[in-house]
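Remarks on the structure that follows.
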Amino acid sequence: MLGLKLLTDPRWANIAESNLEEILTDHAWCEQKAATNAISLITYNSEHEDLVHELTAIAIEEMQHFQMVIEIIRERGYTLGRERKDDYVGQLMKFSKKDGSRNMAFIDRLLFAAMIEARSCERFRVLSQNIKDQDLARFYHDLMVSEANHYTTFLNFARKYSTDVDVDKRWKEWLTFEGELIQSYGNKELIHG
């Protein structure tokens, strides 16, 4: 369904589980950034009433996920660390088209968001199926479903609001780029690392 070119090696879950405090901190900040991204899309595209409505719900849900993760951190006696730079997301941002028409930049921002949600969904699936901690396995399964819905929402809005972009062609470019990019990741206790 996601169309990802390269799936995460299940052994990445062992790396993540070896330092739960780190993976949970990174995950918390990923949720906060996802909420911020949804808000930015609303801010710059407020003329689309359905987008405003749907992305407001996503932003709220992402902040609820942030709250859930920091609650897990607290319950386990961990400390929420400082925000981490997400090199993977930075590389995706560089791939994003910023020149061209306003519509092209808008569509690429939606595809950027869809790509992050797709990879997050896939990583949560790997965690849900491969970590020993059954509470966290269930938690990540539930989040996997949520991320899949977000991925679909962003991709559908790109298709709906494109005026000068072949969205399916551009999405294939995103998938190819991400498939090459992700080969450098999967060896750290980071959601996208």
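Note that these values count all heavy atoms, side chains included, but never hydrogens, waters or copies made by symmetry.
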Taking atom [atom1] of [X] and atom [atom2] of [Y], what is their separation to the nearest 0.5 Å?
X	Y	atom1	atom2	answer
Y78	L24	OH	CG	7.0 Å
Y88	K188	OH	NZ	15.0 Å
T56	I42	OG1	CD1	3.5 Å
R123	I23	CZ	CD1	8.0 Å
R102	I107	CZ	CD1	10.5 Å
L41	L55	CG	CG	6.0 Å

When the side chains of residues 109-122 are checked against the rest of the protein, which donor-acceptor pairs come out under 3.5 Å, sequence neighbours left out?
residue: R109; atom: NE; partner: N37; partner atom: OD1; Å: 2.7
residue: R109; atom: NH2; partner: N37; partner atom: OD1; Å: 2.6
residue: R119; atom: NE; partner: E178; partner atom: OE2; Å: 2.7
residue: R119; atom: NH1; partner: L6; partner atom: O; Å: 3.1
residue: R119; atom: NH1; partner: E122; partner atom: OE1; Å: 2.9
residue: R119; atom: NH2; partner: L6; partner atom: O; Å: 2.9
residue: R119; atom: NH2; partner: E178; partner atom: OE1; Å: 2.9
residue: R119; atom: NH2; partner: E178; partner atom: OE2; Å: 3.2
residue: S120; atom: OG; partner: I116; partner atom: O; Å: 2.9
residue: S120; atom: OG; partner: H192; partner atom: NE2; Å: 2.9
residue: E122; atom: OE1; partner: T8; partner atom: OG1; Å: 2.6
residue: E122; atom: OE2; partner: T8; partner atom: N; Å: 2.7
residue: E122; atom: OE2; partner: T8; partner atom: OG1; Å: 3.3

Compare all side-chain heavy atoms of [X] with those of [Y] and state whether any distance is below 4.5 angstrom.
X	Y	result
E71	Q67	no
I73	T25	yes
L51	F106	yes
I131	V126	no
D142	S146	no
E61	N149	no
L92	L181	yes
H141	F124	no

Backbone N/O of [Y] and side chain of [X]: donor-acceptor pair under 3.5 Å:
X	Y	answer
T43	I39	yes
E17	K132	yes
N130	A13	no
N19	E189	no

Search all heavy atoms of [X] against all heavy atoms of [Y] and return the closest pair with its distance.
X	Y	answer
L175	K5	O-CG, 3.3 Å
I58	A38	CG2-CB, 4.3 Å
S18	I15	OG-O, 2.6 Å
L80	A28	CD1-CB, 3.8 Å

Q: Begin with the C-alpha distance, continue with both residues' side-chain angles, and end with the deciding distance and a verdict on side chain to side chain donor-acceptor pair (under 3.5 Å) for E62 and H150.
A: CA-CA 10 Å; E62 298 287 16; H150 297 173; 3.0 Å; yes

Kindly work out whether a path of hydrophobic side-chain contacts (I/L/V/M/F/W/Y, heavy atoms less than 4.5 Å apart) joins [X] to [Y].
X	Y	value
V89	L4	yes
V165	M93	yes
I182	W174	yes
M144	M68	yes

Q | Pair Y185 and W12, ring centroids less than 6.0 Å apart | A |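 No; W12 has its ring centre 6.0 Å or more from that of Y185.
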
Q) Quick check, are the ring centers of F139 and H65 under 6.0 angstrom apart? A) no

Q.
Does the plane of the ring in F177 sit parallel, tilted or perpendicular to the ring in F95? Use 30° and 60° as the thresholds.
A. parallel

Q: Please say which of R170, K94, K97, K98 ends up in a salt bridge (Lys or Arg N to Asp or Glu O under 4.0 Å) with D108.
A: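 The option that passes is R170.
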
Q. Does a salt bridge link D133 with R76, judged by any charged N lying under 4.0 Å from a carboxylate O?
A. yes

Q | Test item: side-chain donor near acceptor, E49 and H53, under 3.5 Å | A |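 Side-chain D/A pair, E49 to H53: absent.
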
Does [atom1] in [X] sit with more than 12 non-hydrogen atoms of other residues, nucleotides or ligands closer than 6.0 Å?
X	atom1	answer
K33	NZ	yes
E173	CD	yes
R11	CZ	no

Q. Sequence neighbours excluded, which residues qualify as salt bridge (charged side-chain N to carboxylate O under 4.0 Å, His left out) partners of K160?
A. D50

Q) E21: what forms a salt bridge (charged side-chain N to carboxylate O under 4.0 Å, His left out) with it, not counting sequence neighbours? A) none

Q: Evaluate the criterion salt bridge (Lys or Arg N to Asp or Glu O under 4.0 Å) for residue pair E22 and R84; output intermediate values, then yes/no.
A: CA-CA 10 Å; E22 183 64 23; R84 273 66 169 148; 2.7 Å; yes

(Q) Would L127 and L136 count as a side chain to side chain contact (heavy atoms under 4.5 Å, CB included) here? Give the steps. (A) CA-CA 8 Å; L127 287 172; L136 281 180; over 6 Å; no

Q) Can S162 and F157 be said to form a side chain to side chain contact (heavy atoms under 4.5 Å, CB included), step by step? A) CA-CA 8 Å; S162 176; F157 276 130; over 6 Å; no

Q: Output all residues satisfying side-chain hydrogen bond (donor to acceptor under 3.5 Å, both in side chains) with S40, sequence neighbours left out; order by chain, then residue number.
A: none

Q. For D135, which residues count as a side-chain hydrogen bond (donor to acceptor under 3.5 Å, both in side chains) partner, sequence neighbours excluded?
A. R138

Q | Residues forming a ring pair (Phe, Tyr, Trp, His ring centres under 6.0 Å) with F154, sequence neighbours excluded | A |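 F154: no ring pair (Phe, Tyr, Trp, His ring centres under 6.0 Å) contacts found.
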
Q: Carefully, step by step, assess N45 and Y161 under the rule side chain to side chain contact (heavy atoms under 4.5 Å, CB included).
A: CA-CA 10 Å; N45 303 284; Y161 286 115; over 6 Å; no

